[in-house]
K.L.:
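Sharing a structure here in structure tokens format.
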Amino acid sequence: HNASGKPESVLLIFHDFTRLKELENARREFVANVSHELRTPLSMIKGFVETMIDHPTMERETLSGFLGKVKKHSDRLAHLIEDLLMVSRLESGQATVNLQSLQLVHEVSRIVDDLQRNADKKNTQLTYSVEGQLHVLGDSDLLEQILLNLLENAVKYGKEGGKVSVDATHDRHEQICVSVSDDGPGIPPESLDRIFERFFRIDKARSRAQGGTGLGLSIVKHIAQTLGGRVWVESTMGEGTTFFFTLKSSPEHSIAPNTPAQRLGSVA
Ligand code: ADP
């Protein structure tokens, strides 16, 4: 208004709250997903416990079958809560990161050994090929979690009697690229962009039946980023899938790229 109170100009203010809306939608979707994932095992546990209470004279064999189911669904809940806490720590930047120089072949061989039993159950040949001189700047627990999640998936979703391998190479950008490959059914092209999203699954029923939480690959992505690297996937239907992630190479043990090196270890 001017001095005599007459309107002189108009000020219009526009707020673009698209991003806020997107965040709000993502939050709502996350809460709905978490509630659904928690409710399913909880209602199974409740159902079995109520039946046991209603039939106190139930046969021992049936009883132990029911208790086995209660245990299975409680484990699933515990696993889900652990994964949710991990996602939350990583997303809020509160994950403890203890960066140190790690000899990659040691980390890989330890995790491959841990997963040998899972692989044996599916008759899967699990191998690794990592140059002994490769040292990464990483956190042993976080690196273990990335490798465990990718290897567990490769065995779980790979074919019976298939092959799973871990390889690592050093590139010229002071980075080390680790890959986990399987010769399983592959990931459909339309799912490749969404595979790292929380709770995204190609076959929901199959993933849940195998004890999956749907959070494994989003944890992998967050950890790779927390360690200063990135993660991506390549897959051909009917031929297999390879997940790649990069890690920083340890400056204490820097080596010239493409140096021929002795290959350590290969476990069949
Ligand atoms: P989940 O707990 O369901 O395994 P993830 O986040 O680890 O959750 O994986 C998401 C989905 O990606 C899985 O449900 C599965 O459909 C698909 N997937 C992951 N790894 C592979 C693989 N190696 N081959 C085929 N599909 C895979």
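Both backbone and side-chain heavy atoms feed into the values below; hydrogens, waters and symmetry mates do not. Indexing begins at 1, ligand by ligand and atom by atom, following the structure's order. The model shown is predicted, which means the values in this text are computed figures rather than measured ones.
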K.L.:
If hydrogens are left out, which of I195, L150, D182 has an atom nearest to atom 22 (C) of ligand 1, that is, the closest non-hydrogen atom?
P.N.:
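The nearest heavy atom belongs to D182.
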
K.L.:
Should Y157 be counted as touching ligand 1, given the test is an N or O pair under 3.5 Å?
P.N.:
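It does: an N or O of Y157 is found under 3.5 Å from an N or O of ligand 1.
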
K.L.:
Quick check: are there more than 12 heavy atoms from other residues, nucleotides or ligands sitting under 6.0 Å from NZ of K156?
P.N.:
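Count over threshold, so yes.
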
K.L.:
Heavy-atom contact check, 4.0 Å cutoff: does E152 meet ligand 1?
P.N.:
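No.
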
K.L.:
Look at R110 together with E144 and state whether they make a salt bridge at an N to O cut-off of under 4.0 Å.
P.N.:
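So R110 pairs with E144 through a salt bridge.
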
K.L.:
Touching ligand 1 at all, N149? Heavy atoms, strictly under 4.0 Å?
P.N.:
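It does not, in that no heavy atom of N149 comes within the 4.0 Å cut-off of ligand 1.
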
K.L.:
May I ask you to identify the nearest protein heavy atom to atom 19 (C) of ligand 1, giving residue, atom name and distance to one decimal place in Å?
P.N.:
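Here the nearest protein heavy atom works out to N153 ND2, 3.6 Å.
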
K.L.:
For I202, take its heavy atoms, then give the atoms of ligand 1 lying under 4.0 Å from any of them.
P.N.:
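Listed by number with element: 16 (O), 17 (C).
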
K.L.:
Verify, without hydrogens or angle tests, whether S218 (side chain) and F196 (backbone) share a donor-acceptor contact under 3.5 angstrom.
P.N.:
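It does not hold such a pair.
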
K.L.:
Could you check H79, K71, K72 and say which one makes a side chain to side chain donor-acceptor pair (under 3.5 Å) with D75?
P.N.:
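It is K71, the one option of H79, K71, K72 that forms the side chain to side chain donor-acceptor pair (under 3.5 Å) with D75.
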
K.L.:
Suppose we measure from atom 3 (O) of ligand 1 to each protein heavy atom; which comes out shortest, and what is that distance?
P.N.:
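Going by distance alone, atom 3 (O) of ligand 1 is nearest to S207 OG, 2.4 Å.
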
K.L.:
Would you check the N or O atoms of L217, main chain and side chain alike, for any that come under 3.5 Å of an N or O of ligand 1?
P.N.:
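L217 vs ligand 1: N/O contact under 3.5 Å present.
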
K.L.:
Could you check whether atom CD of E22 has more than 12 heavy atoms from other residues, nucleotides or ligands sitting under 6.0 Å from it?
P.N.:
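Yes.
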
K.L.:
Just need the protein heavy atom nearest to atom 26 (N) of ligand 1, so name the residue and atom and give the distance.
P.N.:
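Ranked first by proximity to atom 26 (N) of ligand 1 is I187 CG1, 3.6 Å.
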
K.L.:
Going by heavy atoms in the side chains, are I223 and N149 under 4.5 Å from each other?
P.N.:
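Heavy-atom side-chain distance check fails, nothing below 4.5 Å.
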
K.L.:
Against heavy atoms of K156, which atoms of ligand 1 measure under 4.0 Å?
P.N.:
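Matching atoms, with element in brackets: 4 (O).
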
K.L.:
Which atoms of ligand 1 are found less than 4.0 Å from any heavy atom of F200?
P.N.:
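What qualifies from ligand 1 is 10 (C), 11 (C).
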
K.L.:
Between K21 and E24, does at least one N-O distance fall below 4.0 Å, as a salt bridge requires?
P.N.:
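Result for this pair is no, no salt bridge flagged.
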
K.L.:
Going by the order shown, which atoms of ligand 1 are within less than 4.0 Å of some heavy atom of G216?
P.N.:
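Every atom of ligand 1 under 4.0 Å from some heavy atom of G216: 5 (P), 6 (O), 7 (O).
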
K.L.:
Any idea which atoms of ligand 1 are less than 4.0 Å away from a heavy-atom of T213?
P.N.:
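Heavy-atom distances to T213 below 4.0 Å select 2 (O).
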
K.L.:
Could you tell me which atoms of ligand 1, counted from 1 in the order shown, lie closer than 4.0 angstrom to a heavy atom of G214?
P.N.:
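Under 4.0 Å from G214, ligand 1 has these atoms: 1 (P), 2 (O), 3 (O), 6 (O), 8 (O).
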
K.L.:
Tell me which one of L150, L151, V178 satisfies side chain to side chain contact (heavy atoms under 4.5 Å, CB included) with F243.
P.N.:
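Running side chain to side chain contact (heavy atoms under 4.5 Å, CB included) over L150, L151, V178 with F243 returns exactly one hit, L150.
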
K.L.:
Looking at K122, I want to see if its NZ is surrounded by more than 12 non-hydrogen atoms of other residues, nucleotides or ligands under 6.0 Å.
P.N.:
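For K122, atom NZ is crowded (more than 12 foreign heavy atoms under 6.0 Å).
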
